[in-house]
Amino acid sequence: MHDVAFEKVTKKFGKVVAVNNISFQVNKGELFTLLGPSGCGKTTTLRLIAGLEIPQSGNIYIKGKNVEKLFPKDRNIGMVFQNYALFPHMNVFDNIAYPLKIRKQPQKEIIHKVTEIAKNLQTEELLSRKPNQISGGQQQRVALGRAMVQEPNVFLFDEPLSNLDAKLRTEARSFLKHIQKEMKTTAIYVTHDQKEAMAISDRIAILDKGVIMQVGTPKEVYKNPENVFVAGFIGDPPTNLLNCSIKYNQNKTVLDFLQFKLDISPIRDLVREKVNNEEAIIFGIRPEDITVEYKNASPNSIKGEVFVVERLGPETIIHVKIGNLIIIVRDFSEPDITMGDTIWLKIDFNSVHIYKKEDGKIII
Ligand SMILES: Nc1ncnc2c1ncn2[C@@H]1O[C@H](COP(=O)(O)OP(=O)(O)OP(=O)(O)O)[C@@H](O)[C@H]1O
Ligand SMILES: [Mg+2]
C-alpha cells in the first residue's frame with residue numbers, strides 16, 4: 001500500500017489544465033519531491049492532496065483510502081508553505097499548539113507535545129516570542145513544528161525554504177530532511193530548484209505543463225533522463241543538447257554535428273539498431289562527460305573557442321563557442337585559459353544519450 005497515490009488525476013481552472021492526467025505513488029516514509037518550472041502544477045497537486053481543490057477526474061488515495069469524500073480537516077495533513085503563515089499575534093508556543101487547540105486536546109497534553117517538538121526543532125528558548133521577534137529560519141522551524149504537532153499522515157511542503165538566504169537554506173534543508181527521516185512521516189515536497197530537489201529527495205517527479213515527465217531517484221533522473229526536458233532541467237549546468245544526425249558510411253558510423261563527423265564506435269551497435277541513417281536526433285551530453293584538450297587536437301575532437309570561464313573553486317565551468325553554439329564543459333584541473341583561446345573537446349560516447357527530434361523522448 002502506498003501512502004499517497006494519484007490515479008489519472010486532472011484539474012482544470014477554466015481552460016487552463018493545471019494538472020493533466022497524472023499518476024504517481026509515494027511510499028511510506030518517503031520524501032517525494034514535485035519539481036518543475038513556475039506554473040507546472042506543483043502547488044495545485046499539493047492542494048488536491050489536502051482537499052483544497054477537487055479534481056475533475058481521477059482518484060486520490062491517502063493510506064490506501066480514496067479521499068474523494070473527505071473534507072480537508074479530515075485528511076490529517078501537515079502543510080508548510082513558503083510564507084509560513086504563522087499567526088502574528090500568537091507567540092511561538094501558541095502557534096505550534098494551534099492544531100491541538102482547535103481539536104480541543106487537554107492542556108497537559110498540549111504542553112507536553114509542544115515542548116517535545118520545540119526541543120526537537122531547537123526552538124525551546126523562543127516559545128514566548130512572537131513571529132516578528134524571531135529570524136526567518138526560526139519562523140520556518142515554527143511552521144514545521146505546527147505541522148508536526150498533529151502527527152499528520154503526510155507532510156506537504158510548498159517551497160518552504162524559498163524565503164531564506166542561500167546559506168540558511170542549505171542548513172534548513174538538511175535539518176528538514178533529518179527531522180523527516182527521524183519521524184518517518186511521508187512527505188511531499190515542492191520546489192522549482194533542481195539542486196534542492198536532488199539534495200533532499202528519495203525520489204523526484206519532474207513536471208512540465210501539468211504533465212509528469214519522469215519519476216525517479218536523484219541518481220536515476222541525473223544519469224538517465226528519459227526526455228530532453230528532464231535532461232535540460234536537471235543538473236547545474238544542465239545537459240548539453242545538440243541537434244545532429246547519424247550517418248552510416250560504408251563501415252563507419254558517424255555523428256554529423258556542424259562541420260564535424262565524429263566517430264561513435266563505443267555506441268555504434270546500439271545506434272545502428274535504433275537510429276535510422278540521416279535521422280535527425282538530439283544528442284545529450286553532461287558537462288563533466290566532455291574532456292578538454294588545451295594544447296593539441298587529438299583525433300575525433302571538436303575545435304572551439306573559450307567564450308566564458310567560471311572558476312567555482314574545485315571546478316571550472318567553461319562555455320565553449322562552436323560556430324553559433326555554446327557547449328558547456330566542467331573541468332576539475334584548474335586550467336590556465338582565458339576568453340578567446342582555442343581548445344578541443346572530446347566527448348565520452350559511453351555517457352551520452354540520444355533523443356528523438358520530434359518528441360524529445362529517449363532512444364539510447
Ligand atoms: N485558482 C486558480 N485559478 C485559475 N488558474 C489557476 C489557479 N490556481 C492555479 N492556476 C493555474 O494553474 C497552473 C498551475 O499553477 P500552480 O500554482 O499549481 O503552479 P506551480 O507549479 O505551483 O507554480 P509556482 O512555481 O509558480 O508556484 C498555472 O497556469 C496557474 O496559473
Ligand atoms: Mg506553487
Side-chain angles (χ1 to χ4, degrees), residues 4-26 31-60 62 67-68 71-72 75 77-86 136 139-140 143-144 146-147 152 154-166 169-170 172-173 176 180 186-201 203-216 218 221 225 227-236 238:
V4 176
F6 268 47
E7 201 179 72
K8 297 185 175 162
V9 174
T10 294
K11 173 69 193 174
K12 297 180 196 162
F13 297 103
K15 285 205 176 97
V16 179
V17 187
V19 167
N20 193 350
N21 195 28
I22 68 172
S23 302
F24 62 87
Q25 294 91 30
V26 182
L31 203 167
F32 187 88
T33 295
L34 304 170
L35 169 69
S38 184
C40 72
K42 305 180 295 293
T43 296
T44 305
T45 306
L46 287 194
R47 289 175 58 82
L48 285 162
I49 299 169
L52 302 170
E53 303 289 354
I54 305 299
Q56 269 82 15
S57 59
N59 295 304
I60 300 171
I62 299 177
V67 291
E68 190 182 356
F71 289 114
R75 297 191 185 194
I77 299 288
M79 275 193 99
V80 180
F81 300 97
Q82 176 178 352
N83 58 10
Y84 319 135
L86 297 177
Q139 287 179 35
Q140 202 265 329
L144 180 59
R146 190 177 54 186
V154 186
F155 280 131
L156 303 180
F157 296 116
D158 197 353
E159 312 234 8
L161 310 180
S162 52
N163 278 350
L164 306 178
D165 66 45
R169 196 155 66 222
T170 42
R173 107 182 157 208
L176 194 143
Q180 189 267 337
T186 307
I188 304 182
Y189 188 96
V190 158
T191 181
H192 61 266
D193 179 345
Q194 62 90 25
K195 207 170 161 193
E196 190 167 288
M198 295 291 278
I200 205 169
S201 315
R203 286 190 306 144
I204 305 173
I206 297 144
L207 284 104
D208 182 35
K209 303 188 187 85
V211 176
I212 294 186
M213 303 304 287
Q214 186 169 358
V215 179
V221 298
N227 47 64
V228 287
F229 180 82
V230 174
F233 199 77
I234 300 280
D236 181 22

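First listed ligand is number 1; within each ligand, the first listed atom is number 1.
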Closer than 2.8 Å to the Mg ion (ligand 2) - protein N, O or S atoms, ordered by chain and residue number
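Under 2.8 Å from the Mg ion (ligand 2) - ignoring waters, which are not counted - the protein N, O or S atoms are T43 OG1.
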Checking the side chain of [X] only, and the main-chain atoms of [Y] only, is there a donor and an acceptor separated by less than 3.5 Å?
X	Y	result
K11	I54	yes
N163	G136	no
Q56	K12	yes
T10	N21	yes
R75	V67	yes
K42	Y189	no
Q194	G235	yes

Side chains of I77 and P72: does their closest heavy-atom pair fall under 4.5 Å?
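Of all side-chain heavy-atom pairs linking P72 with I77, none is under 4.5 Å.
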Short N or O distance, [X] and ligand 1, threshold 3.5 Å exclusive:
X	answer
E53	no
A18	no
G39	yes
F13	no

Proximal candidate to atom 16 (P) of ligand 1 [heavy atom criterion; set V19, V17, T44]
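Result: the heavy atom closest to atom 16 (P) of ligand 1 is in T44.
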What is the minimum heavy-atom distance between T191 and T33, and which atoms define it?
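Of all heavy-atom pairs spanning T191 and T33, the closest is CG2-CG2, 3.8 Å.
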For G232 and P238, work out which heavy atoms get closest and say how close.
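Here G232 and P238 meet closest at O-CB, 3.3 Å.
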I need the nearest protein heavy-atom contact for [atom]: residue, atom name and distance, please.
atom	answer
atom 25 (O) of ligand 1	K42 NZ, 2.8 Å
atom 17 (O) of ligand 1	T43 CB, 3.7 Å
atom 26 (O) of ligand 1	S38 OG, 2.5 Å

Below 4.0 angstrom from a heavy atom of V16, which ligand 1 atoms are there? Numbered from 1 as shown, please.
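That gives atoms 12 (O), 29 (O) of ligand 1.
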What atoms of ligand 1 come closer than 4.0 angstrom to any heavy atom of G41?
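Once the distances to G41 are compared, the set is 14 (C), 18 (O), 19 (O), 20 (P), 21 (O).
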Of all pairs that satisfy ring-ring contact (aromatic ring centres under 6.0 Å, His included), the ones with a partner from residues 7-26, not counting sequence neighbours:
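Every pair satisfying ring-ring contact (aromatic ring centres under 6.0 Å, His included) with a residue in residues 7-26: F6-F24, F24-F32.
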Any non-hydrogen protein atom below 4.0 Å of atom 30 (C) of ligand 1?
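No, no protein heavy atom sits under 4.0 Å from atom 30 (C) of ligand 1.
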Can you check whether a protein heavy atom sits less than 4.0 angstrom from atom 21 (O) of ligand 1?
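It does; a protein heavy atom is within 4.0 Å.
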Inter-residue atom distance E196.CD - R169.CZ, 0.5 Å rounding
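Output value for this atom pair is 6.5 Å.
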